[in-house]
Structure formats: C-alpha cells, structure tokens
**Student:** 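Let me give you the structure first, and then I'll get to my questions.
Note that the structure is a prediction, hence the values are computed from the model and not measured.
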Amino acid sequence: MNTHSIENEIVIIREESAITLEFLIPAQCDFFDGHFPQFKLLPAVGQFEIIFRFAKKYFNVSRAVSSIKRMKFSAPVLPDAKVRLNLVCNLEKQSVTFKMWSALDENRIYSSGTFLVAAHE
C-alpha cells in the first residue's frame, strides 16, 4: 500500500503565483521506511517529491523537472512533523521556488531551493 501521499494540507495563504500550506508528515509515511531505521528521517528525495506534488497540484506544472537551480536541505524532518511549505511559481521562467520549515519553529528550515520544469507539450 502506497502511504507516501500527503493529503491533509491546509492552505494558509493563496495568491495567484504563490501558496503557503501547512500539513503533517505522518510517521506511517513510507518515505521513512528503511531510511536510518533506528532514527527515522524523511530523505531529501521524499521531501522533493512532496514539494513537487504540491507544485503540480496547485500550479499544474509539468511532471518533468528540467533542472535544479539550487537546493539546500538544512535540518532533518522527523516523523509526525508539522510543516509549512511556501511555493512560488513563475510560469514565464518555468520555475518553482520553495521553502519548507517547521510549523512550530519558523527558524527551523528543512529545505529550500528553486527548480525548473519542462514546458507543457
């Protein structure tokens, strides 16, 4: 059973080209499986997949990432983390800029970056 979809998001702020969401990454999320079994962490690839899925859902970006301009993973995401995610989509530049941080401590930034998506065909 696929349990790595996050569907409990709450929209905090919504603008034409930006959104801030809050959601819980539950301990049973299978992104945690096998990644440091004694000290479970959400791997970078899991973070990026969650970020990308929300970019697709709210801005209908292409499924193909053409390049990653920058990406930084600053703090570990633990099971049952309540997070906030800000996405800014620039359709003209075909870019998405993101920042994900703790909903309980705005100074605890989990990840940030910018990636480019391929144009829709």
Side-chain angles (χ1 to χ4, degrees):
M1 180 177 162
N2 176 342
T3 58
H4 60 252
S5 63
I6 306 296
E7 298 171 349
N8 59 4
E9 80 271 13
I10 298 167
V11 176
I12 304 296
I13 300 169
R14 177 73 195 254
E15 299 170 357
E16 184 177 344
S17 61
I19 194 164
T20 300
L21 305 168
E22 184 173 290
F23 52 92
L24 179 76
I25 303 176
Q28 66 271 21
C29 175
D30 62 6
F31 280 135
F32 290 113
D33 291 350
H35 199 71
F36 303 113
Q38 303 304 317
F39 186 73
K40 292 186 178 248
L41 300 175
L42 181 67
V45 69
Q47 286 186 53
F48 186 71
E49 180 64 23
I50 291 167
I51 290 161
F52 185 79
R53 285 181 188 177
F54 283 129
K56 176 126 179 78
K57 178 176 181 176
Y58 287 98
F59 299 112
N60 196 32
V61 297
S62 167
R63 181 63 182 150
V65 173
S66 62
S67 71
I68 296 174
K69 301 287 276 182
R70 63 180 181 80
M71 195 166 297
K72 183 176 181 179
F73 297 93
S74 308
V77 180
L78 303 176
D80 291 324
K82 185 179 253 188
V83 302
R84 288 214 171 164
L85 172 63
N86 175 260
L87 298 169
V88 179
C89 182
N90 184 326
L91 292 176
E92 184 176 300
K93 293 183 179 181
Q94 297 176 318
S95 69
V96 176
T97 299
F98 68 91
K99 181 173 119 177
M100 188 163 65
W101 68 97
S102 169
L104 305 175
D105 177 2
E106 66 184 39
N107 294 316
R108 185 172 178 79
I109 298 170
Y110 296 126
S111 56
S112 60
T114 300
F115 59 94
L116 303 179
V117 293
H120 281 287
E121 296 177 8

**Student:** Rounded at 0.5 Å granularity, tell me how far CD in E16 sits from SG in C89.
**Tutor:** 10.0 Å
**Student:** At what distance, to the nearest 0.5 angstrom, does CD1 of I12 lie from OG1 of T20?
**Tutor:** 8.0 Å
**Student:** When the side chains of residues 68-85 are checked against the rest of the protein, which donor-acceptor pairs come out under 3.5 Å, sequence neighbours left out?
**Tutor:**
residue : atom : partner : partner atom : Å
D80     : OD1  : A27     : N            : 3.0
R84     : NE   : E22     : OE1          : 2.6
R84     : NH2  : E22     : OE1          : 2.9

**Student:** Could you grab the distance from atom CG of L87 to atom CZ of F52, nearest 0.5 Å is fine?
**Tutor:** 11.0 Å
**Student:** Between Q94 and L116, is any pair of side-chain heavy atoms under 4.5 Å apart?
**Tutor:** no
**Student:** For I50 and F31, what are the C-alpha separation, side-chain angles and deciding distance, and is it a side-chain contact (heavy atoms from CB on, under 4.5 Å)?
**Tutor:** CA-CA 10 Å; I50 291 167; F31 280 135; 4.0 Å; yes
**Student:** Should V11 and F59 be counted in the same cluster of Ile, Leu, Val, Met, Phe, Trp and Tyr side chains packed under 4.5 Å apart?
**Tutor:** yes
**Student:** Once you round to the nearest 0.5 Å, how far does CD1 of I6 lie from CD1 of I51?
**Tutor:** 11.5 Å
**Student:** Atom CD in E92, atom OG in S17: separation rounded to 0.5 Å?
**Tutor:** 11.5 Å
**Student:** Would you give the length of the straight line joining atom CD1 of I19 to atom CD of E9, rounded to the nearest 0.5 angstrom?
**Tutor:** 8.0 Å
**Student:** Using the rule that Ile, Leu, Val, Met, Phe, Trp and Tyr join whenever any side-chain heavy atoms are under 4.5 Å apart, tell me whether V65 and F98 fall into a single cluster.
**Tutor:** yes
**Student:** Are the aromatic ring centres of F23 and F54 under 6.0 angstrom apart?
**Tutor:** yes
**Student:** Which word best sums up how the rings of F115 and F48 line up, parallel for under 30°, tilted for 30 to 60°, or perpendicular for over 60°?
**Tutor:** perpendicular
**Student:** With sequence neighbours excluded, give me every salt bridge (charged side-chain N to carboxylate O under 4.0 Å, His left out) pair touching residues 96-116.
**Tutor:** none
